[in-house]
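Please read the structure below before turning to the comments.
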Amino acid sequence: MKKSHPLRRIVLAGAATVSGIVLLLTLKPSSDPAAASAEGTPQGQQSVAPQGSGGVQAGNGGDQTLTGDVVKTDYGNVQVRITMSGGKITSAAAIEAPSGGRSTEVSTNSVPKLNQAAIQTGSADIDAVSGATYTSGGYKKSLQSALDKAGSSSATGGGSGGTTGGGSADASGSTGGSTGGSTGGGAAQAKTLTGTAVTTDYGPVQVRITVTGGKITKAEAVQSPSGGRSTQISGDAVPKLNQAAVAAGSADIDAVSGATYTSGGYKESLQSALDQAGG
């Protein structure tokens with residue numbers, strides 16, 4: 001067949017067309033957008049794992065912030081927030097305190113002292129600030145509720161530092177700052193007991209004591225008459241009554257001169273606390 005024969009040109013043209021189609025079919029899958037989407041990750045976009053899941057929550061030894069209950073007092077609400085680390089109170093603050101008029105001055109003076117005392121004792125077993133009986137009482141109740149949320153193990157300071165271990169929240173409160181050398185689980189565990197509130201002509205009196213080994217190791221008035229002259233009388237009489245209770249080891253203590261009603265209420269509340277201890 002001659003090279004210029006028409007049939008030869010037709011055959012060559014057909015062969016070229018078929019080769020072109022085959023070539024196109026071979027190249028098409030590499031550039032098909034559907035194939036790219038089927039991989040599950042868009043082109044040019046990098047998959048990123050979620051962040052922040054492990055950087056905020058602390059481990060077993062991390063800080064723990066706890067907010068106590070709001071406690072209503074005659075002069076306003078008191079609410080305490082604490083930070084605990086390793087079972088110990090590392091920070092304490094009153095996020096609510098009585099304010100307005102004289103209350104602002106009282107809170108400004110007493111709250112920093114109460115915060116410091118909470119950190120030092122590691123419990124709610126702290127002394128009331130003179131002249132701030134109601135604020136102190138509310139603070140201690142709110143502080144205790146915050147410690148209760150941490151559990152008794154947190155309230156005992158994690159059992160470290162030589163404090164008595166395995167006791168209740170009340171026991172830990174009294175031993176947190178005073179029995180650093182005692183051993184855990186011993187027979188002479190401390191108990192904190194609160195007497196009944198006794199109403200007097202000048203206001204209620206309520207006593208809280210710590211008993212260790214059958215002896216009063218600490219006494220405090222969580223309520224005492226206040227306002228006007230009563231504040232001055234309580235500020236003078238209560239410390240003397242506390243000291244007398246510890247020294248006598250009973251409610252058989254002398255009344256403080258000039259504070260007959262407060263002394264009588266104190267002794268009655270102290271006796272009710274001792275009755276709870278079986279003494």
Side-chain angles (χ1 to χ4, degrees), residues 66 68-69 71 80 82 84 87-89 92 114 117-128 133 136-198 204-224 238-253 265-279:
L66 304 158
D69 298 335
V71 178
V80 178
I82 60 174
M84 301 191 70
K88 297 180 180 180
I89 300 175
L114 293 166
I119 296 172
Q120 289 178 343
T121 63
S123 72
D125 186 20
I126 57 179
D127 293 331
T133 305
S136 299
Y139 186 102
K140 293 167 69 174
K141 289 180 181 179
S142 184
L143 173 58
Q144 185 61 59
S145 70
L147 289 169
D148 290 342
K149 293 176 183 178
S152 60
S153 60
S154 294
T156 59
S160 62
T163 58
T164 56
S168 64
D170 283 341
S172 67
S174 58
T175 59
S178 59
T179 58
S182 60
T183 58
Q189 290 189 359
K191 292 191 294 183
T192 300
L193 305 161
T194 303
T196 57
V198 178
V205 179
Q206 188 173 25
V207 178
R208 178 180 294 160
I209 59 173
T210 299
V211 178
T212 306
K215 296 181 179 180
I216 300 175
T217 55
K218 186 175 182 180
E220 60 180 327
V222 294
Q223 290 192 75
S224 61
V238 168
K240 295 178 181 178
L241 292 167
N242 292 338
Q243 185 176 5
V246 174
S250 70
D252 186 17
I253 56 178
Y266 186 102
K267 294 169 66 175
E268 187 175 343
S269 181
L270 172 59
Q271 185 60 58
S272 70
L274 288 170
D275 291 342
Q276 295 175 39

Do the side chain of [X] and the main chain of [Y] share a donor and acceptor less than 3.5 angstrom apart?
{"X": "S269", "Y": "T196", "value": "yes"}
{"X": "Q206", "Y": "G195", "value": "yes"}
{"X": "S142", "Y": "V80", "value": "yes"}
{"X": "T217", "Y": "T210", "value": "yes"}

Just how far is it from atom [atom1] of [X] to atom [atom2] of [Y], taken to the nearest 0.5 Å?
{"X": "T194", "Y": "K140", "atom1": "OG1", "atom2": "NZ", "value": "8.0 Å"}
{"X": "I126", "Y": "T121", "atom1": "CD1", "atom2": "OG1", "value": "6.0 Å"}
{"X": "L270", "Y": "L241", "atom1": "CG", "atom2": "CG", "value": "9.0 Å"}
{"X": "L193", "Y": "L274", "atom1": "CG", "atom2": "CG", "value": "8.0 Å"}
{"X": "I89", "Y": "Q120", "atom1": "CD1", "atom2": "CD", "value": "11.5 Å"}
{"X": "L66", "Y": "S145", "atom1": "CG", "atom2": "OG", "value": "9.5 Å"}

To check you understand the geometry: which heavy-atom pair defines the closest contact between [X] and [Y], and what is its length?
{"X": "A118", "Y": "L143", "value": "CB-CD2, 3.7 Å"}
{"X": "Q223", "Y": "P204", "value": "OE1-CG, 3.4 Å"}
{"X": "A124", "Y": "R208", "value": "O-NH1, 4.2 Å"}
{"X": "A251", "Y": "K267", "value": "O-CE, 3.5 Å"}
{"X": "A92", "Y": "I119", "value": "N-CD1, 4.0 Å"}

Is any side-chain heavy atom of I82 less than 4.5 Å from a side-chain heavy atom of L147? yes

Check this for me, if you would: do K218 and D127 make a salt bridge, where the nitrogen-to-carboxylate-oxygen distance has to be below 4.0 angstrom? yes

Applying side-chain contact (heavy atoms from CB on, under 4.5 Å) to V222 and K141, what does each step give before you reach the verdict? CA-CA 10 Å; V222 294; K141 289 180 181 179; over 6 Å; no

